[in-house]
Amino acid sequence: MARVLIVDDSAFMRNLLKNVFFKGNLDTVGEAADGEDAITKYKELKPDLVTMDIIMPNKDGIAALKEIRRIDQNAKVIMVTAVGQEKLVKSAIKFGAKGYIVKPFQAPKVIEEVKTVLGIDG
Amino acid sequence: MSIDTEEFKKEFIEEAREYLDILNRSIIRIEEGELDLIDEVFRCAHTLKGMAGTLGYENLQGVSHRLEDIFDGIRSGEITVSPDNIDTVLNGVDRIERMIDKIDAENTDDLEEKEREKEKRALKISITLSDDCTLKGIRAYLVIQTMEEHGEVLKITPPMEDIEDEKFGLDFSVILRTDEEEAEIREVLNRIADLERIKITKSEVLKEEERAQESKIFEYPKKEITKEHISVVRVDINRLDKIMNLIGELVISDGRLSQIGKEYNIVELNDALEGAGRSMTELQNEIMTIRMVPISRIFNRFPRMVRDYCRETGKKIKFVMEGGETELDRAILDDIIDPLVHLIRNSMDHGIELPEDRISVGKAEEGYIKLSARRERDDVIVEVEDDGVGIDIEDVRRKAVEKGILSQEEVDKLDDEVAKNLILLPGFSTSKAVGELSGRGVGMDVVKTRVEALGGSVRIYSKKGEGMKVVLSLPPSMAIAKVLIADVSGERYAIPLNDVLEIARIGDVGAKTLYKRRVLSIRGKVIPLILLSEVFKNRRLLNIFNLNDDAGGDAIIVERNDEEIIALVVDGVLDQRDILIKPLDRFLSDIRGIGGMTILGDGKVVPIIDINSLPLDGVSNA
């Protein structure tokens, strides 16, 4: 089962995603509440994929993405975004983000995005 | 580079690749112990060396020469067939292959020259986003950004600004220049969500105005992308031959069916066959057209040959070519290369005099050789003409006696026109010294044999001291011909319609004996007459000389050797049809008057009459 690290400063959003992943047969191996925490957990857990919120305290999502991609150039990071943050998503893509999901979430779209990036069928 | 050289180069490359193919296959078999293949690979290396030398590719010539030496060593037993040695040989072959590639692309065989950046391919990637895609501008951006990691994005449609502003539907496309395979690119795109459809094709030509805009980035080789290149398919000539044979079989089946239709009087069948017949004729014509190649394909090699010859011998020759656009069947084209090489060498060697000799007889210092081709009615005429010494008839007569071809009496009886043709006989050569070029065993007789085997004829025109003209008249294409089927004493013969001028009923025109020769008088013209039944020794002789008005028999008036008109007498003309010509077996091929065989609808084999070799008096050796 693919192992996912959820990074979001909102516990509500983390639980929501965790629930979606559970239903999608994905294993949430860890959660981080800010950029700093995300980098530590990434090194520790070596997940297959990271979902990364962009606006967060203690290092935003883009800074965390850059650092994670520096540590692991094959890291698969999906940005969590909302309408109005297009510019930020674009710069995340430039720094190697493999995809994005848009709040408010639609569960099937989230699963599809993650599985596509991971190369898992269905 | 001129078009001519380009054409010649293509041919060289094509041929070189064939030799490479043989080398690659045979060398491995030699390693496995099939030592008798060594002669074949030696020949390949030798020919490659020769071709490379002729075109001035010295590196290629060098490597081929080295290979030739090794093969020679293996043949003589000095070099063993060890894996190490085979490695060396194969490395050499690989090197030749790279040189050929390089000649093809850059017209140089110098591999040491800085290798140009590997040609990159351009792919057109067309994407359709899924209709529930959110932030589609970002999705498209993700695709484009990802593609940037795998190559150079040359063009985005619609433009990037519109994509960023989401001013597009669900479709956009990217032209990507990349080293990666299509499949790799597809795999990368499969890792991006919300892409409903991914289509990857080789990039088409950018339109002119786009090219102007994109000129700085659009520099990959034309041959990859021009429309022309895409719409032209190269086909192995053997495949066309196969199709040709199949059509031939169809023609035979069609003949068989129409025979059945006639025998049982089935009107519907005959009607249906008429339609089928039309399609078949069209199909034949199409294939014939596909097989046609301009004769310039082989003409283009001659200027170089003449130039090199002049440099070696000090002769001065102005070489002129005409009618290079005349088209001939590819198979015929291949077969007249050697005869033409021989004829031109002949003109250079034995025809054109040295400059001082020309001046002393009042000719221009520079000799003149013209090679020309033209379509004349249904034939292609190829001529080699020179203004050299011409044929010395007396010399020819003397040589014929010397060589034991004819006795002095026989020679004396020959008129000049016939004597001239003695040079076409095997083993005849009038040159005083064996020439550097043409004295190599290919005589005029070979020219004659080759051309006649193709269904053509050779004529010689010459005046002593003024030059010589050899005229080859060739069928533009082969295999299927229109013929008359004639009844000759109960047996059927096919007469090529190509040669036929007119058909007349004997009773209407009148045959008579004039000065012991049988002739036909038609509209005041007297035409020599040949009874095919006599020629082919049929048991039942035609009895037309009773001059009975009811005497059966048709006279088929034909033109012979393009100048002489004769009449062939047959019992009747039965039919006119398309037939497939099957060449005669080797042991039958010298029967005078018979040019081939065909199989008619009822499965019977019928000889095809060769008007030009038909014995005028006397009997065929059939």
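As the structure is a computational prediction, the values presented were derived from the model and not from experiment. In what follows, every heavy atom counts, from backbone to side chain, and hydrogens, waters and symmetry copies are set aside. Throughout, a chain's letter reflects where its sequence line sits, starting with A, and its residues are numbered from 1.
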Please classify the contact between [X] and chain B as side chain, backbone, both or neither, with a heavy-atom cut-off of under 4.5 Å.
| X | value |
| --- | --- |
| Lys76(A) | neither |
| Ala97(A) | backbone |
| Val102(A) | side chain |

So, do [X] and [Y] sit near enough that their side-chain heavy atoms are less than 4.5 Å apart?
| X | Y | result |
| --- | --- | --- |
| Lys94(A) | Tyr141(B) | yes |
| Thr146(B) | Lys98(A) | no |
| Arg191(B) | Val117(A) | no |
| Ser130(B) | Lys109(A) | yes |
| Thr116(A) | Ile192(B) | no |

Are more than 12 heavy atoms, taken from residues, nucleotides or ligands other than [X], located less than 6.0 Å from that residue's [atom1] atom?
| X | atom1 | answer |
| --- | --- | --- |
| Glu184(B) | CD | yes |
| Lys103(A) | NZ | yes |
| Gln73(A) | CD | no |
| Glu286(B) | CD | no |
| Glu44(A) | CD | yes |
| Arg66(B) | CZ | no |

Practice prompt. Looking only at non-hydrogen atoms, find the nearest pair between Glu112(A) and Asp194(B) and report the distance.
Written response: OE2-N, 3.6 Å

Practice prompt. Calculate, to the nearest 0.5 Å, the distance between atoms CD1 and CZ belonging to Ile93(A) and Arg139(B) respectively.
Written response: 8.0 Å

Worksheet entry | Gap between atom OG1 of Thr134(B) and atom CD1 of Ile101(A) - 0.5 Å precision | 10.0 Å

Discussion item. Using only atom types and a distance under 3.5 Å, with no angle test, would you say the side chain of Tyr100(A) pairs donor to acceptor with the backbone of Leu135(B)?
Written reply: yes

Worksheet item: For Glu187(B), is it the side chain, the backbone, both, or neither that has a heavy atom closer than 4.5 Å to a heavy atom of chain A?
Response: neither

Practice prompt. Taking only Lys NZ, Arg NE, NH1 and NH2, and the carboxylate oxygens of Asp or Glu, determine whether Glu164(B) and Lys87(A) approach each other closer than 4.0 Å.
Written response: no

